*Asks:* 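Structure incoming, see below.
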Amino acid sequence: MSNEERDAYIPSDVEGKWQSRWEELGINTFTREEIENAEDPFYNLMMFPYPSAEGLHVGNIYAFTGADVHGRFQRMQGRAVFEPIGFDAFGIHSENFALKRGVHPMDLIPSNIRNFTRQLKRTGGMFDWNHVVDTTHPSYYRWTQWVFLQLFKAGLAERKEAPVNWCPSCMTVLANEQVVGGACERCATPVEQRRIAQWFFKITQFAQRLLDNLGTLDWSDTTRIAQTNWIGRSDGARLRFPVLDAGGADTEEMVEVFTTRPDTVFGASYMVLAPEHPLVDRVTNDADRPAVLAYREEAGRKDMVARQKIDKTKTGVFTGGYCRNPATGEPIPVWIADYVLMGYGTGAIMAVPGHDERDFEFARQFDLPIVRVVAGPGDGADTPLDEAYVGDGTLVNSGDFDGLAWQEGKPRITAWLGERGMGDLEVNFRLRDWCISRQRYWGPPIPVIYCDACGPVGVPEKDLPVILPRVEDFKPDDTGVSPLARVESWYKTSCPECGADARRETDVSDTFLDSGWYFLRYPSTDFDDRPFDAQVTKKWLPVNTYIGGNEHAVLHLLYSRFLTMVLHDLGHLDFEEPFEVFRAHGLIIAEGAKMSKSKGNVVVPDPIIEEFGADTFRTYLMFLGPFRDGGDYRPEGIQGPFGFLHRLWDTALTAVDGAPDPDVERKLHQTIKQVTEQLPELGYNTAIAAMMEYLNAVRAGGRRATRAEVEPLVAMVAPFAPHVAEELWERLGHRESIFVGANWPGYDEAKTVSDTVNIAVQVNGKLRATVKVAKSTPESDVISASRADANVARYLEGATERKVIFVKDRLVNFVVS
RNA sequence: GCCGGGGUGGCGGAACGGUAGACGCGGCGGCCUCAAAAGCCGCUGUCCCCUGGGGCGUGCGGGUUCGAAUCCCGCCCCCGGCACCA
């Protein structure tokens, strides 16, 4: 074998060598002692994957690499970086796959996890394989059940019969979030409504805190805004409208409405109740009852797709009943219509067609009176409305309140009604309680036992985990109960309190509960007698940096925050926000669309790693666009980073001793500065570009690099291309791994500055020349040097100079006419 | 409809209000090699005279400024999310 052959860069050799070396050295992994005693701990978290049968895809690797670069960068600055990985393996996705393929999930998941593990190791992430979490393992879901019990004991888990979204194809209840446009997000079947007794977590009690804390978090703005919108605070009032009897006299009964525009109450010309509203029966006139009942039944039958169609014409029926408008004193008719939702506010509205688009449309449809109570600029009190007016203006036709800006009228009118007990300011949230019940098989059984005498009783913590039994027939049916309800031997038990015959809860919990606390478990996987150790948790949490996709901006992140807040309040944690810093990365796009099986544009990573190596692949992924924005995956693009690593290899191995070239050295310090500043901001693409530019400068004119020039570059490349950096680091004479100790290069600010600068010379803002002068050359000298340029002189000749703009070390602009 | 994020060469993308197009892909021409891989050198927004220049150029239309991809106003288009939330 010749020298040349031996020195060729063969990625697979280098990567195989260092992956085994890292494993031998245990440099990625912590022992329990290291976890307990680490100095300068840094918890670097990324969103754990669902281990699909298809294996790791490019999107996963993109996300993990971006987070891994961050972790390796922190580590090279001397911090003890804990970078765990795990598998979010429960849930409908794997269950449906298992059903389709006829494999039991208990067999499927372990083999998927093995495959993922193999792939993850191949990509060169510095995962702590000593602290892996698998949500389907009893040693994990034991504690998921424990979390449930904490909420249960605290009264924050509640069983109630509630209308739920039912997917007739998946035969399961769906969370609101799993309903997309009224259809099941998995199978696109229109969702129906069913009433089933479910377990809910009372997240709505925390709505305001979840909202308030957002202001204290260092999170991507997009994510914070998404959560704010999801929580959906709206400030308004609860107003009461007395129900009138057949003779038109007030009864004791009130229809309560929530409105954000109490100032428009004088314009409320009718009311609408949701079809399911409990007062519908009371209000309905006998003559109108058949029509009302028919409408209500039809609304109940309609699937969510049909009901949510916004562009459909509004439907509704008159109940024959009336309420009294508490502001005007006038009777107004009460209708029912399915554009009013039982799930928001009070399930009833006062309709102000003059100033609400939906009410306007409805009023037009059914010929109901439209009253103007807000006058915009140029409007009179009775200027007719041909559409709802929702802009600014002053109140009209509103009694004593005429002339007020509507914003002022809002508290004033509410207070006025409040004097008579007819109104109070109220805040409403869009956030719903979290339904965690799933009538499925593949999840952790909810640890509750039903006893005829004692009611629902939590499984005693000492009896956890409630093991999910292996059941061969786990296919859901349309009974609406979990397949576990068919396993009598499993669900028959005795009451932990009175010992009587009892029955287990047969529903399992939502996957979001598994992922809602996994970050608490990672550092404590060494402890099997507690969910998370107090000391270890104190040391490592909250998480320093969490990097993940914005598709989880709302649900996963909100549920994690909620559970952390609850565990804090219950005394289990001393912090209430789990993630100090959250950064959302973008999406990898291929052929103009998000990668998906249905589009057929999924890129399988293994062959690419096979051909180019993980280092090149990682560097390419980080280079193809700003990490926060994602980018286009184009197979040809990988040549750039591939060539870069090859050139780096050649340059490092042919480096000579000697003093660095001054120009190169300046460029080096500039590059270190730039890269060091950009990595914390996840500016990976520009950091890589800067390193490429530096390497080009080092090699310019075919010169050989000195060690001092190339060694810092090897270190800077290490977070992106860890294997090749290790190899070169070793070949440059280092005994220890580049990831042991603080090997991130420093820079000297003074050495980043050049002693000459190029000044742009403009005439009337157009570039006419550049002149090279010493740094900090005084204004007058720069200007005379600029005039001396022939091209500039050409433009100045015969023109009248109005003024000269001078920007030190940057530009001169002659303003002439 | 509402909320985010965008529109810059053939392509991915760079640009504290100050030399638009860094870096890379692709393309063209050349070198090295038995050959391939890897590597190296030069050119590469566009149009016009071509020594050196000049015109035009960052979705469209206005504005502010000595100077605008960047700031302001009004539009158009694309992507993602939410969607009858009162």
Side-chain angles (χ1 to χ4, degrees), chain A residues 4 8-9 177 180-182 220-223 225-226 228-230 232 234 236 257-261 264 272 307-312 314 337-341 343-352 356-359 361-362 428-432 550-551 553-554 586-587 589 592-594 620 623-626 628-647 649-650 685-696 699 701-702 758-770 790-791 794 802-807 810-816:
Chain A
E4 276 179 12
Y9 170 41
E177 304 80 53
V180 177
S220 307
D221 285 344
T222 54
T223 313
I225 291 166
T228 303
N229 293 342
W230 191 264
S234 81
V257 303
F258 174 74
T259 175
T260 53
R261 293 295 300 275
T264 63
V272 185
R307 191 162 167 178
Q308 286 186 357
K309 266 254 155 53
I310 191 168
D311 54 335
K312 69 162 195 195
K314 294 206 167 19
D338 67 4
Y339 83 93
V340 173
L341 309 172
Y344 186 77
T346 62
I349 61 158
M350 65 176 204
V352 184
D356 180 281
E357 285 167 21
R358 297 152 299 178
D359 297 345
E361 194 190 325
F362 191 82
N428 241 289
F429 294 93
R430 294 177 75 155
L431 185 66
R432 292 283 90 89
N550 232 357
E551 69 272 21
V554 176
L587 229 51
I589 301 298
K594 177 179 166 175
Y620 170 60
F623 182 60
L624 57 69
R628 290 156 186 270
D629 299 346
D632 271 29
Y633 183 88
R634 290 162 309 114
E636 327 80 67
I638 201 165
Q639 289 300 338
F642 191 51
F644 170 64
L645 293 182
H646 270 281
R647 289 191 291 276
W649 177 273
D650 291 339
N685 59 329
T686 47
I688 292 168
M691 293 189 279
M692 289 174 164
E693 208 176 320
Y694 173 65
L695 184 60
N696 291 344
R699 295 164 58 86
N758 283 314
I759 306 279
V761 184
Q762 301 179 336
V763 179
N764 283 345
K766 292 209 182 267
L767 183 74
R768 296 305 175 191
T770 60
N791 200 42
R794 208 153 62 81
R802 299 291 172 197
K803 62 174 156 173
V804 183
I805 306 285
F806 173 76
V807 183
R810 286 213 86 110
L811 139 157
V812 172
N813 185 11
F814 295 96
V815 184
V816 304

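Keep in mind that the numbers below use all heavy atoms, side chains included, and drop hydrogens, waters and symmetry copies. Quick note on labels: first sequence line is chain A, next is B, and so on, each numbered from 1. The structure displayed is predicted, hence computed values, not measured ones.
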*Asks:* Whole angstrom is fine here: how far is it from CD in A:E357 over to C1' in B:C2?
*Replies:* 11 Å

*Asks:* Measuring only the P atom in each nucleotide, how far is B:G4 from B:G10? A whole number of Å is fine.
*Replies:*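 Comparing P positions in B:G4 and B:G10 gives a spacing of 33 Å.
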
*Asks:* Hey, is B:G27 sitting syn or anti, using the within-90° cutoff around 0?
*Replies:* anti

*Asks:* When you check the phosphate oxygens OP1 and OP2 of B:G24, does a side-chain N or O of A:N696 lie under 4.0 Å from one of them?
*Replies:*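 Yes, because at least one side-chain N or O of A:N696 sits under 4.0 Å from OP1 or OP2 of B:G24.
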
*Asks:* Mind checking whether A:Y344 and A:F258 have parallel, tilted or perpendicular rings, split at 30° and 60°?
*Replies:* perpendicular

*Asks:* Hey, does A:Q762 reach any base, or is it just sugar-phosphate, or nothing, if we go heavy atoms under 4.0 Å?
*Replies:* base

*Asks:* When we call it a touch if two heavy atoms are under 4.0 Å apart, what does A:K594 touch: a base, just sugar-phosphate, or nothing?
*Replies:*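 A:K594: no heavy atom of the nucleic acid under 4.0 Å.
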
*Asks:* Which part of the nucleic acid does A:P626 contact within heavy-atom distance under 4.0 Å: base, sugar-phosphate only, or nothing?
*Replies:*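 Touches sugar-phosphate only.
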
*Asks:* NA contact type, A:I805, heavy-atom cut-off 4.0 Å: base, sugar-phosphate, or nothing?
*Replies:* base

*Asks:* Tell me: CG of A:D632 to P of B:G7, nearest whole Å?
*Replies:*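 Value for this atom pair: 13 Å.
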
*Asks:* Which whole number of Å gives the distance between the C1' atom of B:A20 and that of B:A68?
*Replies:* 11 Å

*Asks:* With a non-hydrogen cut-off below 4.0 angstrom, is A:D221 in contact with a base, only sugar-phosphate, or nothing?
*Replies:*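 Result for A:D221 = nothing.
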
*Asks:* Work out how far the C1' atom of B:C31 is from that of B:C48, and round it to whole angstrom.
*Replies:*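 B:C31 and B:C48 have their C1' atoms separated by 34 Å.
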
*Asks:* Round to a whole Å and report the spacing from OH of A:Y9 to C1' of B:A38.
*Replies:* 12 Å

*Asks:* Does OP1 or OP2 of B:G53 have a side-chain N or O of A:R794 closer than 4.0 Å?
*Replies:*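 Negative; the distance criterion is not met.
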
*Asks:* Looking at every strand, decide which applies to A:R699 at a 4.0 Å heavy-atom threshold: base, sugar-phosphate, or nothing.
*Replies:* sugar-phosphate

*Asks:* What nucleic acid atoms does A:R768 come within less than 4.0 Å of, heavy atoms only: base, sugar-phosphate, or nothing?
*Replies:*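 Counting heavy atoms under 4.0 Å across all strands, the contact made by A:R768 is with sugar-phosphate only.
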
*Asks:* Are A:R647 and B:C40 close enough that a side-chain N or O sits under 4.0 Å from OP1 or OP2?
*Replies:* yes

*Asks:* Classify A:G702 by what it touches in the nucleic acid, base, sugar-phosphate, or nothing, heavy-atom distance under 4.0 Å.
*Replies:*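 Nothing, no nucleic acid heavy atom in range.
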
*Asks:* Applying a 4.0 Å non-hydrogen cut-off, can you work out what A:I225 is touching in the nucleic acid: base, sugar-phosphate, or nothing?
*Replies:* sugar-phosphate

*Asks:* Check the distance between B:G12's C1' and A:I688's CD1 and give it to me in whole angstrom.
*Replies:* 13 Å

*Asks:* Quick one: stems for RNA chain B, with Watson-Crick or G-U pairs under 3.5 Å, at least three in a row?
*Replies:* B:1-7 with B:76-82, B:10-12 with B:23-25, B:26-31 with B:39-44, B:45-49 with B:52-56, B:59-63 with B:71-75

*Asks:* Need one value for A:F429: base, sugar-phosphate or nothing, where a base atom within 4.0 Å counts as base even if backbone is also close, heavy atoms only.
*Replies:*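 Touches nothing.
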
*Asks:* Which distance, rounded to the nearest 0.5 Å, do you find between the CD1 of A:I759 and the CZ of A:F806?
*Replies:*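 Interatomic distance, A:I759 CD1 to A:F806 CZ, rounded to 0.5 Å: 6.0 Å.
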
*Asks:* Looking at every strand, decide which applies to A:N791 at a 4.0 Å heavy-atom threshold: base, sugar-phosphate, or nothing.
*Replies:* sugar-phosphate

*Asks:* Go through B:C85, B:A86, B:U19 for me and flag the one nearest to the A:T770 side chain.
*Replies:* B:U19

*Asks:* For a 4.5 angstrom cut-off between non-hydrogen side-chain atoms, does A:T264 reach A:M350?
*Replies:*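 The answer is yes, as the side chains (C-beta and beyond) meet within the 4.5 Å cut-off.
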
*Asks:* Please report the distance separating the P of B:G52 from the corresponding atom of B:G62, rounded so that it comes out in whole Å.
*Replies:* 37 Å

*Asks:* With C1' as the reference atom in both, quote the distance from B:G13 to B:C47 in angstrom, rounded to an integer.
*Replies:*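 Comparing C1' positions in B:G13 and B:C47 gives a spacing of 25 Å.
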
*Asks:* Does the ring center of A:Y620 lie less than 6.0 Å from the ring center of A:F644?
*Replies:*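 Distance test on ring centres: not under 6.0 Å, no.
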
*Asks:* Taking atom C1' in both B:C84 and B:C76, what distance in whole Å separates the two?
*Replies:* 28 Å

*Asks:* Do the side-chain N or O atoms of A:K766 get closer than 4.0 angstrom to the phosphate oxygens (OP1, OP2) of B:C56?
*Replies:*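 So the side-chain polar atoms of A:K766 do come within 4.0 Å of the phosphate oxygens OP1 or OP2 of B:C56, strictly under.
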
*Asks:* If I pick the P atom on B:G67 and the same atom on B:C56, what distance separates them, to the nearest angstrom?
*Replies:* 15 Å

*Asks:* How would you label the contact of A:N229 with the nucleic acid (heavy atoms, under 4.0 Å): base, sugar-phosphate, or nothing?
*Replies:*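 Since only primed, P, OP1 and OP2 atoms lie under 4.0 Å of A:N229, the category is sugar-phosphate.
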
*Asks:* P atom, B:C25 versus B:A38: distance in rounded Å?
*Replies:*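 It works out to 12 Å between them.
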
*Asks:* Rounded to the nearest 0.5 Å, how far apart are CD1 of A:I805 and CD of A:Q762?
*Replies:* 9.5 Å

